[in-house]
Protein chains: 2
Amino acid sequence: MHSDVVASRSAEHRDSRESRNGGSPPDAVSLAIIEQLQEDGRRPYAAIGKAVGLSEAAVRQRVQKLLDQGVMQIVAVTDPLTVGFRRQAMVGVHVEGDVESVADALTAMSECEYVVMTAGSFDLMVEIVCEDDDHLLDVINRRIRAVPGVRSTESFVYLKLKKQTYMWGTR
Amino acid sequence: MHSDVVASRSAEHRDSRESRNGGSPPDAVSLAIIEQLQEDGRRPYAAIGKAVGLSEAAVRQRVQKLLDQGVMQIVAVTDPLTVGFRRQAMVGVHVEGDVESVADALTAMSECEYVVMTAGSFDLMVEIVCEDDDHLLDVINRRIRAVPGVRSTESFVYLKLKKQTYMWGTR
DNA sequence: CGCCAAGGCTGCGAAATCCGCAAGCATCGG
DNA sequence: CCGATGCTTGCGGATTTCGCAGCCTTGGCG
């Protein structure tokens, strides 16, 4: 359940520039390719080609382009609990002033895995991953609340992760 | 050749059985391997071996085991906005009665990408991915609220995704 | 209409990688 | 001492990756 990137075409985190529709959405064939790779990120190009009706080389080119454009990443994802992290939480943030600058500050924290600007009673929703309660307390109480513009926060500590998929575009 | 789609290591979603620490957390070397694959899910075993100080065969065995145990998955991840989904939201759910049964019902919905049981003012947090406003409305107002045990919900529509990483275990 | 450039696809060898397997070691625990 | 486990080295064959040379279609343009 989680993953990330590398070297040449690595996109460590995606901000507006990348996720902005830098172009039109992928066509049906590329979607099909993505779907294949969502099932198994290491599936051979030839197998994908057979499944979507394209040659191996064509699949290779399209995958490379999708990677370069930042439309998708092929990465290993894990369940944080199985790799030693004991505390996770979703934090809702109330902001006064510029929301985006606060979002940027939170984005810079390594403990924040997920930062999104929202409409509703919270201005920001942030998912954080910590090693233990002390760590969690430190991040929420000291670091996040210290960011200029943060008026208040509300935390939702994870008790159990029930579902986490990566099947976008599949339906 | 690939009629074995079903097979071995597909873990479309993980529930308690899988994510429960089925064993001790991976050792330092396996963590290092995961880290490599978080950078590039297609990196060759030999390259990984060189990076973590193991032979190609050993890396192969460990990766296979990590996959089989469900500790990690290697998959393609995309930004929903770039593949045609226009509306995303985080929904906080207040439950009366058994929280887990509600969580299971939500988990069964394909629009729910992420379902987690939490402590705090919400009993559940659910991330939803939809094609447009109508779709979103339908899911929240009709489907989710129709689940027995759901007392009320609060929605946070996504305005902008600022960060999304997959670097667990890396820090 | 004719020409040309660009983009996407196919088909190929060549190189690299994957994969199973066997033999040899070292460690750990009963 | 024995058995289980995990790693290494080595090996060959199957598979996959990769670069490149065509080919074809599309779109711009005189």
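Sequence lines set the chain letters: A, B, ... in the order given, protein chains first and strands last, and positions in each chain run from 1. Model, not experiment: these values are computed from the prediction.
Remark: P of dT17(C) and CD1 of I48(B) are 12 Å apart, rounded to the nearest angstrom. Remark: C1' of dT15(D) and OH of Y45(B) are 13 Å apart, rounded to the nearest angstrom. Remark: P of dT17(D) and CG of D40(B) are 12 Å apart, rounded to the nearest angstrom. Straight-line distance from the CD atom of Q64(A) to the C1' atom of dC20(D): 16 Å, rounded to whole Å. In this structure, L67(A) places its CG atom 13 Å from P of dT17(D), rounding to the nearest Å.
Under the 3.5 Å distance criterion, with hydrogens and angles disregarded, a donor-acceptor pair is assigned to the side chains of D68(A) and Q64(A).
Comparing the local axis fitted to the first five base pairs of the helix from dC1(C)-dG30(D) to dG30(C)-dC1(D) with the one fitted to its last five gives a bend of 40°, rounded to 10°.
Scanning for side-chain contact (heavy atoms from CB on, under 4.5 Å) contacts around A47(B) gives R43(B), P44(B), with sequence neighbours left out. Taking D132(B) as the reference, nothing meets the salt bridge (charged side-chain N to carboxylate O under 4.0 Å, His left out) condition, with sequence neighbours excluded. For R151(A), the side-chain hydrogen bond (donor to acceptor under 3.5 Å, both in side chains) partners at least two apart in sequence or on another chain are E96(A).
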All N/O donor-acceptor pairs, side-chain side in residues 117-124 of chain A, below 3.5 Å, sequence neighbours left out:
from: T118(A); atom 1: OG1; to: F122(A); atom 2: O; distance (Å): 2.9
from: S121(A); atom 1: OG; to: E154(B); atom 2: OE2; distance (Å): 2.6
from: D123(A); atom 1: OD2; to: V95(A); atom 2: N; distance (Å): 2.7

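In this structure, K65(A) reaches the dG8(C) phosphate: one of its side-chain N or O atoms is under 4.0 Å from OP1 or OP2. Neither OP1 nor OP2 of dT17(C) sits under 4.0 Å from any side-chain N or O of R42(B).
Following chains of ILVMFWY side-chain contacts shorter than 4.5 Å, one can reach M72(B) starting from V29(B), so the two form part of one hydrophobic cluster.
The CG atom of D138(B) sits 11.0 Å away from atom CD of E131(B), with the distance rounded to the nearest 0.5 Å.
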Nucleotide N/O of nucleotides 9-11 of chain C paired with protein N/O under 3.5 Å:
from: dC9(C); atom 1: OP1; to: R62(A); atom 2: NH1; distance (Å): 2.3
from: dT10(C); atom 1: OP2; to: S55(A); atom 2: N; distance (Å): 2.6
from: dT10(C); atom 1: OP2; to: S55(A); atom 2: OG; distance (Å): 2.3

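The cationic group of R42(B) lies under 6.0 Å from the six-membered ring centre of Y45(A) and within 45° of the ring axis, placing it in a cation-pi geometry.
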